[in-house]
Amino acid sequence: MTDTLSAPASASSAASKYSVPQERRIVTAIPGPRSVELHKRRQAVVPVGVSSVLPVYIARANGAIVVDVDGNQFIDLGAGIGVTTIGHTDAAVVRAAHEQIDDVLHTLFTVTPYEEYVRVAELLAEHTPGDFAKKTVLINAGAEAVENGVKIARKYTGRNGVAVLDDAYHGRTNLTMAMNFKAAPYATGFGPLAGDVYRAPNSYPYHDGLSGADAAKRTIAYLEKSVGAEDLACLVVEPIQGEGGFIVPADGFLPALQEWCTANGIVFIADEIQSGLARTGAWYASEHFGLVPDMVLSAKGIAGGLPLAAVTGRAEIMDCAQPGGLGGTFGGNPVAAAAAVAVFEQIAAGNLLAEATRIQNTLVPALEKLKQKYDVIGDIRGIGAMIAIELVAPGTGDTTKEPNAAAVSAIAAYAAQQGVILLTAGTYGNVIRFLPSLALTDELILDAVSVVDDALATL
Ligand code: PLZ
């Protein structure tokens, strides 16, 4: 267990607490010689299906900076796809994990339990939206949280149907690959896919121009016609879609869907695996939309980089599963759970929700300036430390908004050479997402945006 806290992790106020200087520094070609060597070894023993965005091999990471084996320092605007939300190797998280390692590494909670699991469940009950009794099952990864959420919703409702939205991403397991919008690369050739999954139209304001109410009407009409509410166990939504390209739905869209779910006995599940845990300036992004989901799925940032995921839901729903029906060998591992407790404590003690808002307030105006200069930037959107730009073909921003995936690839490649790690996203691969850790200083934000500016200028 974590006991005492160190100084709060306020990024802007205490730069000196970092063990790695918070600056980018490129000292070799990218990738450097040692990375090239490691990549050769990897290619002999790791299948091509496991690809890497940038084949630089990382030796150390701290705050918002990763250091590769050749000594290059990168500004990390991906945070391991939204995992190291409170910063790489946050001191309090590392200390909590170390202490736990000395005490006990594993018992299996379903054989002989331990306090850390219970504490994480208490913290999730406290910080997920909704003022009612909640219970949590801990598992290892996001996809497993989705699997468990669906399985519990099916048992609770006695129904089979699972509704998801266009542009959604929910994982790489058999059920979740059927829930993703994109077949390639996630499902191509990996069938047969799970049945009883129904995909419905989304709210994507930049492209559909619909109000939230109209978009919800369309989604609901589609589901009522193509499945029927009485056959749906759950509707699973990402409050802000992650892999889909940080799509923020129009106001009122999600609350209307939730209202329809409640009226029809459908479990409303918020997949907050990417959007949750302080990412958007709230504990959970659902709060921005006034949503109180029946079930909330957490993973990624919850344990500061250790593997942990959670399904938190209304007690009466969660308790429908029979004893022995939920679990798994490593679910809620003591070290991961102790790290998660420290993450929750650091977010509260360091007022880190405000850091996400600070990042938005620095990053968005800087991107707006780029949008004035370059007409390939069609849209800037997102909340907190979850901001994206959508790139369109020149001259189409006010008309057809043609996806410009080539520009995205060129910008990401250029940025990597200059020491900035950028993640791409979007159904058409034409979105750059800024998903940094909350430790990212304003100085680093402006430095990274200047690199993106240069990249755009070279297009
Ligand atoms: N739900 C909303 O974002 C994971 C995928 C990385 P796991 N997104 C990153 C990759 O290429 O595999 C994600 C998500 C949302 C579910 C998941 C799945 O979480 O921990 O990767 O299983």
**Request:** Among residues two or more places apart or on two chains, list those pairs meeting salt bridge (charged side-chain N to carboxylate O under 4.0 Å, His left out) that have a residue in residues 235-255.
**Result:**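 Every pair satisfying salt bridge (charged side-chain N to carboxylate O under 4.0 Å, His left out) with a residue in residues 235-255: Glu243-Arg433.
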Counting only heavy atoms from other residues, nucleotides and ligands, does the tally under 6.0 Å from [atom1] of [X] exceed 12?
{"X": "Phe181", "atom1": "CZ", "result": "yes"}
{"X": "Tyr428", "atom1": "OH", "result": "no"}
{"X": "Glu230", "atom1": "CD", "result": "yes"}

Within the 3.5 Å criterion, strictly below it, is a donor on [X] or [Y] matched to an acceptor on the partner's side chain?
{"X": "Thr176", "Y": "Tyr186", "result": "no"}
{"X": "Asn72", "Y": "Thr28", "result": "yes"}
{"X": "Thr441", "Y": "Glu443", "result": "no"}
{"X": "Glu272", "Y": "Ser275", "result": "yes"}
{"X": "Tyr198", "Y": "Asp196", "result": "yes"}
{"X": "Asp453", "Y": "Tyr374", "result": "yes"}

**Asked** Only one of Leu297, Leu326, Leu138 forms a side-chain contact (heavy atoms from CB on, under 4.5 Å) with Asn148, so which one is it?
**Response** Leu326
**Asked** Any side-chain heavy-atom pair from Leu391 and Ile411 closer than 4.5 angstrom?
**Response**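 Yes, close enough: below the 4.5 Å cut-off.
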**Message:** Taking the side chain as everything from C-beta on, heavy atoms only, tell me whether Leu291 gets closer than 4.5 Å to Phe268.
**Reply:**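 Yes, their side chains come closer than 4.5 Å.
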**Prompt:** What closest approach, in Å, do Ala278 and Ala356 show between heavy atoms, and which atom pair accounts for it?
**Reply:** O-CB, 3.5 Å
Quick one: pull up [atom1] in [X] and [atom2] in [Y] and give me the separation to the nearest 0.5 Å.
{"X": "His88", "Y": "Ile58", "atom1": "NE2", "atom2": "CD1", "value": "8.0 Å"}
{"X": "Ile75", "Y": "Arg25", "atom1": "CD1", "atom2": "CZ", "value": "13.5 Å"}
{"X": "Asn202", "Y": "Asp167", "atom1": "CG", "atom2": "CG", "value": "5.0 Å"}
{"X": "Asn430", "Y": "Ile389", "atom1": "CG", "atom2": "CD1", "value": "10.5 Å"}
{"X": "Leu367", "Y": "Thr362", "atom1": "CG", "atom2": "OG1", "value": "10.5 Å"}
{"X": "Glu144", "Y": "Thr173", "atom1": "CD", "atom2": "OG1", "value": "9.0 Å"}

**Message:** side chain to side chain contact (heavy atoms under 4.5 Å, CB included), that's the test. Do Phe253 and Tyr204 meet it? Break it down for me.
**Reply:** CA-CA 10 Å; Phe253 175 70; Tyr204 194 157; over 6 Å; no
**Request:** Take Asp214 and Asp208 through the side chain to side chain contact (heavy atoms under 4.5 Å, CB included) test and state the conclusion after the steps.
**Result:** CA-CA 10 Å; Asp214 286 345; Asp208 64 29; over 6 Å; no
**Request:** List the steps, then state whether side chain to side chain donor-acceptor pair (under 3.5 Å) holds for His39 with Tyr57.
**Result:** CA-CA 8 Å; His39 201 59; Tyr57 287 71; 2.8 Å; yes
**Item:** Leu235 vs Leu232, side chain to side chain contact (heavy atoms under 4.5 Å, CB included): CA-CA, chis, key distance, verdict
**Value:** CA-CA 8 Å; Leu235 169 64; Leu232 282 176; over 6 Å; no
